[in-house]
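All remarks here apply to the structure that follows.
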Amino acid sequence: MSFTGKYQLQHQENFEPFMRALGLPEDQIQRGKDLKSISEIVQDGKKFTITVTTGSKVVKNQFTIGEESDIEMLNGEKVKAVVQMEGNNKLVTQVKGMKSVTELNGDTITYTMTMGDLTLKRVSKRI
């Protein structure tokens with residue numbers, strides 16, 4: 001199953017408390033909470049490029065499954081991470097005490113990030 005495509009955020013859960021826990025300033029949280037981000041994913045075998053555009057902010061991450069890569073997190077911090085694939089439709093990584101799962105089901109991508117007892121869930125549809 002190929003992740004390649006453009007996806008628009010449909011809804012999200014726990015955005016504000018999760019961003020506060022990451023240390024994002026309140027003004028950025030308020031500006032970002034209602035923006036419908038667009039994620040563009042290009043998959044070439046085990047290589048991925050994911051570009052997320054939220055308003056005027058663009059975050060681009062490139063990685064290869066199973067190899068350490070530099071990843072920019074939601075709060076702008078750059079970290080080293082290894083992304084693994086589970087089955088043929090799930091990308092999983094652990095970074096700084098957080099677990100990130102990106103799951104593709106048909107035309108829907110569900111992105112879940114868990115830190116302690118907080119879970120951020122974002123659901124996007126292919127456009």
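Positions are given from 1 along the sequence. Only this structure's heavy atoms are used, side chains among them; waters, hydrogens and symmetry mates stay out.
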TODO: Output the distance between atom OG (S2) and atom CG (N89), rounded to the nearest 0.5 Å.
DONE: 12.0 Å
Task: Heavy-atom closest pair, residues V95 and K80 - done: CG2-O, 4.2 Å
Open item on the list: Applying a strict under-4.5 Å side-chain criterion to I, L, V, M, F, W and Y, I'd like to know whether V123 and F18 cluster together.
Closed with: no
Under 3.5 Å, which donor-acceptor pairs link side chains of residues 54-64 to any protein atom two or more places apart or in another chain?
| unit_1 | atom_1 | unit_2 | atom_2 | d |
| --- | --- | --- | --- | --- |
| N61 | OD1 | E72 | N | 2.7 |
| N61 | ND2 | E72 | O | 3.2 |
| Q62 | NE2 | T49 | OG1 | 3.4 |

Task: A21 versus M115, closest heavy-atom pair with distance - done: CB-CE, 3.4 Å
- [ ] Under the side-chain contact (heavy atoms from CB on, under 4.5 Å) rule, what do T110 and V101 come out as? Steps first, then yes or no, please.
- [x] CA-CA 8 Å; T110 303; V101 178; over 6 Å; no
Open item on the list: Between E67 and V82, is the side-chain contact (heavy atoms from CB on, under 4.5 Å) condition met? List the steps.
Closed with: CA-CA 5 Å; E67 295 181 12; V82 177; over 6 Å; no
Task: I50 vs F3, side-chain contact (heavy atoms from CB on, under 4.5 Å): CA-CA, chis, key distance, verdict - done: CA-CA 10 Å; I50 300 178; F3 281 78; over 6 Å; no
Task: Minimum heavy-atom distance L9-Q12, with the two atoms named - done: CD2-OE1, 3.7 Å
TODO: With the side chain counted from C-beta on, respond yes when L22 and K96 share a heavy-atom pair under 4.5 Å apart, and no when they do not.
DONE: no
Quiz: residues 25-39 side-chain donor-acceptor pairs under 3.5 angstrom, not counting sequence neighbours:
| unit_1 | atom_1 | unit_2 | atom_2 | d |
| --- | --- | --- | --- | --- |
| E26 | OE1 | R20 | NE | 2.9 |
| E26 | OE2 | R20 | NH2 | 2.9 |
| E26 | OE2 | Q30 | NE2 | 2.8 |
| D27 | OD2 | R31 | NH1 | 3.3 |
| Q30 | OE1 | K33 | NZ | 3.0 |
| Q30 | NE2 | E16 | OE1 | 3.1 |
| K36 | NZ | Q10 | O | 3.0 |
| S37 | OG | R122 | NH2 | 2.7 |

Open item on the list: What I'd like to find out is whether the side chain of V92 reaches to under 4.5 Å of the side chain of K99, using heavy atoms alone.
Closed with: yes
Task: Closest contact, heavy atoms only, L91 versus M85 - done: CD2-CE, 3.6 Å
Task: Cluster link Y7 to V42, ILVMFWY, side chain under 4.5 Å - done: no
TODO: Treating Ile, Leu, Val, Met, Phe, Trp and Tyr as nodes and any side-chain heavy-atom pair under 4.5 angstrom as an edge, say whether L118 and L24 lie in one connected cluster.
DONE: yes
Task: Nearest non-hydrogen partners of S100 and M113, listed with the distance - done: CB-CE, 4.0 Å
Open item on the list: A side-chain contact here means heavy atoms from C-beta on lying under 4.5 Å apart; do I71 and K78 qualify?
Closed with: no
Open item on the list: Just verifying a value: how many Å separate I109 CD1 and K125 NZ, rounded to the nearest 0.5 Å?
Closed with: 11.5 Å
